[in-house]
Amino acid sequence: MEGISHRVYSGPARAPHRSLLRALGVGRGDAGRPLIGIANSYNEWIPGHMHLNTIAQQVKYGVYQGGGIPLEFNVIGVCDGLAMNHEGMNYSLVSREVIADSVEIMAKAHGVDGLVLIPNCDKIVPGMVMAAARLDIPVVLVSGGPMLAGDYEGKKVSLSQIFEGLGKYFNGDISEDQLCDLEDAVCPTCGSCAGLFTANSMGCVMETLGLTLPGDATIPAVYSARLGLARETGAQAVEVVKNGWTARKFMTEASLRNALTVDAALGCSTNTVLHLLAIANEAGVKLDLGMFNEVADATPNIVKLAPSGPQHMEDLYRAGGIQAVLNRLGEAGLVDGSVPTISGKTMAEQSKPAVVRDENVIKPLAEPYRKTGGLAMLFGNLAEKGAVVKESAVLPEMLVHRGPAMCFDDEATLMEAIEKGKIVPGTVVVIRYVGPKGAPGMPEQLTPTSAIAGAGLDSSVALITDGRFSGASRGASIGHVAPEAYDGGTIALVKDGDMISIDIPGRKLVLEVADDELERRKTAWQRPVKQLSGVLRRYVAFVSGADTGAVLGGGGPLA
């Protein structure tokens, strides 16, 4: 197949272009070899990214072995943990769009034949894959892999424990010294945080879509096997280019439905909803919140990793990884095994050799943790366009809950109330004006959810927001409420003491206030005035609601 680079760099008129390639060390003897762009998200701010230069080096070796020319470039990345609970979190989701745009710009400007994406962590994975869907050129992905779990007093721990430790500290259950010991223990290696949080959830989804070679989602970051995988991925990238397998070949309705199924079976982060909607939008595939419920209702939850359970990504790797999960689901006809993968095999062919090596980690379908999947979409007058909850991480006694609202218009005020012990058991905490437009940037509410859980209130207090949650959040934490408060959604009209009814199995979220009273409140409501500049101002002008993936207007597949 004649690649894009041939059209950009071949012929006498392209002599100036080739002279610049000579300056890069690309010689005459390299003519005709595919040019593979290596999109590396390495930086020294994110533990999941600090080793990506090593991964990139192995990828480049593989590209050379496969007969291609690798040319590396970088994209930005935000560490959600470091950005949490201050203005930095306004920029996290925004970065997803910047990443997608930067990959598109680099690929289009330089005429690459294909891309190897090297992401790790929350917004970087979907941002890169959104660009791949938009460009529809040959693409493969290899991530930096998950962090190993830490050890604290003989128990495995990961990042969520330190956030919950705050609640225990505020509640007087642990000392400051114990909190410090815990903070030293939870992040012991490089890699994406060790539980099934957003980064690792997205890694599992990418392997399911067939955009990676087997094992990418679960091989720990510090294992040498990941170096071998990176080299194999580089070589395979050249094969993908030669065969003309473009990105949307792997982003079909069937493959995205498989992704929803694995998402449900694992109990992935609520953020996967936001990102899968955005990826589907770029790929031109119809996907809506109703499909998440439809798939979840038919899919048993057979894996329960932190924050929902005591196991971590290293345990899923040891138990057989995503390929074993796919094989188990495929045997029951729950996934479509005919979809292609970048290995050249169908998903069924690729996963067939994988076996479940530990049924305490990957449960039999007949003995699941739950009969239905991990995520649930809720609807009602409080969320006319939907809301999202990680049902598998909710205590049984909170699956159905009714209580009076306690309203907060920002996270800082709520955290002050938690620290002072003002959150009353039985209530429904509402955090609003933190949606895509309202915050702006739809910041994660991990700090308050974890503090509530750490204070022992997760068995009696629910939390509802038009913002979103970290994959590390657990409890009756309901996010992505749409329409958001900034757009005049019902969540903006809730008053302290209003009764809110939550029925997660019934998929209902209802504010028990009469319609005529809500109309009166709506008439009196005024949108808060925000003084914004720079990227946030542009973002608010174009971003859509959470129910459509918080994508920017004008997105979607290229004409």
Side-chain angles (χ1 to χ4, degrees), residues 4 37 39 75 93 96-108 112-117 119 122-143 198 201-212 216-217 237 240-241 243-264 268 271-292 294-295 335-336 338-343 346-347 542-559:
I4 298 169
V75 302
L93 187 58
R96 186 188 71 179
E97 314 308 312
V98 175
I99 291 163
D101 290 348
S102 66
V103 173
E104 176 191 356
I105 289 168
M106 291 296 291
K108 283 289 188 180
V112 303
D113 294 305
L115 288 168
V116 179
L117 308 176
D122 296 10
K123 309 309 165 299
I124 298 90
V125 176
M128 285 190 172
V129 176
M130 286 165 64
R134 185 186 303 170
L135 292 163
D136 195 28
I137 63 174
V139 169
V140 301
L141 184 149
V142 59
S143 72
T198 302
S201 293
M202 290 306 299
C204 295
V205 166
M206 293 305 108
E207 188 169 331
T208 302
L209 287 177
L211 289 172
T212 77
D216 185 70
V240 170
V241 168
N243 285 290
W245 297 338
T246 60
R248 290 185 207 163
K249 177 183 176 70
F250 309 102
M251 300 184 202
T252 62
E253 184 175 343
S255 63
L256 282 163
R257 191 177 184 90
N258 285 345
L260 299 189
T261 302
V262 169
D263 193 316
C268 288
N271 281 318
T272 58
V273 177
L274 204 66
H275 299 323
L276 283 171
L277 288 170
I279 290 167
N281 174 71
E282 296 287 2
V285 177
K286 180 176 173 54
L287 188 65
D288 59 43
L289 294 181
M291 289 180 65
F292 285 84
E294 177 189 335
V295 171
V335 291
D336 182 348
S338 70
V339 299
T341 72
I342 63 160
S343 71
T346 66
M347 190 182 74
F542 292 103
V543 71
S544 72
D547 56 302
T548 57
V551 297
L552 298 187
L558 296 174

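Reckoned from all heavy atoms, side chains included, excluding hydrogens, waters and symmetry mates. Bear in mind that the values here come from a model prediction, so they are computed numbers and not experimental data.
Residues forming a side-chain hydrogen bond (donor to acceptor under 3.5 Å, both in side chains) with D288 (at least two apart in sequence, or on another chain): none. Checked against side-chain contact (heavy atoms from CB on, under 4.5 Å), T346 has the following partners two or more places apart in sequence or in another chain: A348, E349. Here T261 pairs with nothing under the side-chain hydrogen bond (donor to acceptor under 3.5 Å, both in side chains) rule; sequence neighbours left out. The side-chain hydrogen bond (donor to acceptor under 3.5 Å, both in side chains) check on D263 picks up T272, with sequence neighbours excluded. Here E294 pairs with R257 under the salt bridge (Lys or Arg N to Asp or Glu O under 4.0 Å) rule; sequence neighbours left out. Annotation: side-chain contact (heavy atoms from CB on, under 4.5 Å) contacts of S544 (sequence neighbours excluded): T548, V551.
When side chains are defined from C-beta on, L211 does not count as touching L117, because their heavy atoms never get closer than 4.5 Å. Residues T208 and V335 form no side-chain contact, since every pair of their non-hydrogen atoms from C-beta on lies 4.5 Å or further apart. With a 4.5 Å cut-off on side-chain heavy atoms, S143 and M206 do not count as touching. Taking the side chain as every heavy atom from C-beta outward, L93 and H275 approach each other to under 4.5 Å. Proximity of L256 to M291: side-chain heavy atoms (C-beta onward) are nowhere separated by under 4.5 Å.
Of the candidates R134, M130, M106, D101 forms a side chain to side chain contact (heavy atoms under 4.5 Å, CB included) with just one, namely R134.
The two residues A100 and A131 come nearest to each other via the heavy atoms O-CB, 3.3 Å.
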inquiry  = Could you walk me through whether D122 and M202 satisfy the side chain to side chain contact (heavy atoms under 4.5 Å, CB included) test, starting with their C-alpha distance in whole Å, then the side-chain angles of each, then the deciding distance to 0.1 Å, before giving a yes or no?
reply    = CA-CA 8 Å; D122 296 10; M202 290 306 299; over 6 Å; no

request  = Please step through side chain to side chain contact (heavy atoms under 4.5 Å, CB included) for the pair V116 and V142, ending with a clear verdict.
outcome  = CA-CA 7 Å; V116 179; V142 59; 4.2 Å; yes

task = Just do the side chain to side chain contact (heavy atoms under 4.5 Å, CB included) check on L277 and L289 with the steps written out, would you?
result = CA-CA 8 Å; L277 288 170; L289 294 181; 4.0 Å; yes

task = May I have the step-by-step check of side chain to side chain contact (heavy atoms under 4.5 Å, CB included) for L274 and R96, ending in yes or no?
result = CA-CA 11 Å; L274 204 66; R96 186 188 71 179; 4.2 Å; yes

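To the nearest 0.5 angstrom, I137 atom CD1 is 9.5 Å from T246 atom OG1. Atoms CG and CD, from D136 and E282 in turn, are 11.5 Å apart once rounded to the nearest 0.5 Å. With rounding to the nearest 0.5 angstrom, the CG atom of L552 is 10.0 Å from the CG atom of N281.
S255 places a side-chain N or O within 3.5 Å of a backbone atom of F250 that can act as its donor or acceptor partner. Without hydrogens or angle criteria, E207 side chain to D216 main chain gives a donor-acceptor distance under 3.5 Å.
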